[in-house]
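Right, one structure below, let's go through it.
As the structure lists them, so they are numbered: ligands from 1, and atoms in each ligand from 1. Any value given below was found using the heavy atoms of this structure, including those in side chains, with hydrogens, waters and symmetry copies removed.
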Amino acid sequence: MALHMAVEITKNSGVSLTAQIQSYLRKEISGGILHPGTWLPSSRRLAHDLDVSRSVVVEAYGQLVAEGYLEATQGAGTRVVDHLDTAPPVVPALLDEGHVPAVRWDLRTGGRNLPVFPRREWLACYQRVLQTATPADHDYPPLAGTPRLRTELARYLGRARGVRTDAGRLVVTSGFAQALGLLCAVLRQDGGGRLGIEDPGHPRQRQFVRESGVRPVPVPVDDEGIDVDALAASGVRAVLVTPAHQFPTGVVLSPRRRAALVRWARDVDGLIVEDDYNGGLWYARDPRPLALQRLAPDHVVHAGTVSKSLAPGLRLGWLAAPAELRDRLLRVRARHDLGTESLTQLTFAELLAGGLFDRHLRRLNARCRDRRDALEEAVRRHLPGAAVIGPPAGLHAYVRLPRHTDEAALVARALDRSVMVRGGAAYHVRPRHQEPALVVGHAHLPRSGVTEAIRALAT
Ligand SMILES: Cc1ncc(COP(=O)(O)O)c(C=O)c1O
């Protein structure tokens, strides 16, 4: 490998070149700039790049090997040793959970619940994109997203979710997180600075909203979805909801509440952010409710993501917004970002256009259905008095526990049985009103794992 390494030396300084290289590398390694495990250029390559004789570099490397900074492997080369723990501590990212113990069954929700990525199909689409890409496809993408993806998304969202939109009103984002960040910035500009959020809801989203300078105002959720009277009483003029499959309870916003929510938005000239996070994951026998946005496209931002259907690591999402709001969102975005990576956008467009995304979803839904069946059966058999609520959809399920259950103790003791699961309290702002529950990510487990994990919890 023809590696390159920057090394500062001064020729004719009176200090030998070998000593300079040694001292430079020692300092870089001790300071954590050259990281453990970093491969260095061969002595021949470095000597050439520095325009010094090879013996100078060989001697410097040899001395650092003797001092324990470097290790040389016959045939492989020289690298910084792994065990010199000099790197500065890594600061955990804003929303990281930090260290978690290794367990046999990890039932937490998140990217880990995704059982399959359509590798072959993605690769084939990516290859087609690369083969046909024009120089424009390698340029900065339009801030709203590539026209090809927006066209395919408009078709898909109309066909699969009944969203009223077109390519001109869509914005491709780096996941829902970016859509939410942009919306919070616009709320701040308007001086509102408050956003209704569902309680229970996503705790990290709550934190994200707060850290974006907007106050999250919790609004209770019951078996019909968000309580619209409580929302109206809170005085906010914007709300974030998950109507298709409330997170985390799985409740579907009832037709009555949908109508009431839209009425509220019209009355207060407010904004509803529809987080359609589950995408096409619906495997209930009943037909899936269409997007809320279709009832009031002027008051609803419909937002989606591939984080639950393909992979959160792709960081790919979208929003359909009223035209004026879309323009404002783009103006905010232009201050932070130059668009979403274009080859990923084009690959996803290809996946949509060829029907491969639908095929993937069908497979994923069949698998999720199977795990959900196993979960319902295991809960019936091993957790008397408990019930899985909400229609079968998504990568997780909400298990309501008998009233007398000590949820916190159950979650803590589960770890002794090598099961990591979150209780409902972790999602509630006001846990006082909450019934004991578990939020169970099931889609990634083997069928037998679902049963075994629930049996362990019952014990
Ligand atoms: C409620 C909810 N909304 C949205 C998302 C997706 O966010 P993003 O697209 O930024 O990955 C998730 C993923 O975990 C989620 O749980």
Residue part near ligand 1, for [X], under 4.0 Å between non-hydrogen atoms:
{"X": "Pro312", "value": "neither"}
{"X": "Phe176", "value": "both"}
{"X": "Lys308", "value": "side chain"}

Practice prompt. Give the residue, atom name and distance (to 0.1 Å) of the protein heavy atom nearest atom 11 (O) of ligand 1.
Written response: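 Sorting protein heavy atoms by distance from atom 11 (O) of ligand 1 puts Ser307 OG, 2.6 Å first.
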Worksheet entry | Heavy-atom nearest neighbour in the protein, as seen from atom 5 (C) of ligand 1, with distance rounded to 0.1 Å |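 Residue, atom and distance for the closest contact: Tyr277 CB, 4.0 Å.
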Practice prompt. Specify the closest pair of heavy atoms between Pro312 and Leu114, including all atoms of both residues, with the distance to one decimal.
Written response: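 Residues Pro312 and Leu114, closest heavy atoms: CD-CD1, 3.8 Å.
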Item to complete: Could you pull out the closest heavy-atom pair between His360 and Val116, with the gap in Å?
Response: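 Heavy-atom minimum between the residues: CE1-O, 3.6 Å.
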Worksheet entry | Pair Arg328 + Glu324, salt bridge at N-O below 4.0 Å |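 No, no charged N to carboxylate O under 4.0 Å.
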Discussion item. Just to verify, which of Gln178, Arg333, Gln345 counts as forming a side chain to side chain donor-acceptor pair (under 3.5 Å) with Thr340?
Written reply: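 Going through the options one by one, the only one that passes is Arg333.
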Item to complete: Could you check Gln293, Glu274, Arg164 and say which one makes a side chain to side chain donor-acceptor pair (under 3.5 Å) with His302?
Response: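 For His302, the side chain to side chain donor-acceptor pair (under 3.5 Å) test succeeds with only one of Gln293, Glu274, Arg164, which is Glu274.
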Practice prompt. Mind telling me whether Phe247 and Tyr277 have parallel, tilted or perpendicular rings, with 30° and 60° as the class edges?
Written response: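 Answer is perpendicular, since the angle exceeds 60°.
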Worksheet item: Taking it one step at a time, do Asp370 and Arg367 satisfy salt bridge (Lys or Arg N to Asp or Glu O under 4.0 Å)?
Response: CA-CA 5 Å; Asp370 180 61; Arg367 180 184 164 116; over 6 Å; no
Practice prompt. With atom 10 (O) of ligand 1 as the reference point, say which of Arg315, His245, His396, His202 has the nearest heavy atom.
Written response: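 It is Arg315 whose heavy atom sits nearest to atom 10 (O) of ligand 1.
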Worksheet item: Should one rank Leu240, Asp275, Leu314 by closest heavy-atom distance to atom 1 (C) of ligand 1, which comes out on top?
Response: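 Of the listed residues, Asp275 has the closest heavy atom.
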Discussion item. Out of all atoms in ligand 1, which are within 4.0 Å of some heavy atom of Gly175? Include the element for each.
Written reply: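 Contacts of ligand 1 toward Gly175, numbered from 1: 9 (O), 10 (O).
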Worksheet item: Should Gln205 be listed as contacting ligand 1, given a heavy-atom distance under 4.0 Å as the test?
Response: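 Checking ligand 1 against Gln205, which is what was asked, there is a heavy-atom contact under 4.0 Å.
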Worksheet entry | Close N or O approach (Thr305, ligand 1; < 3.5 Å) |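 Yes, Thr305 has an N/O under 3.5 Å of an N/O on ligand 1.
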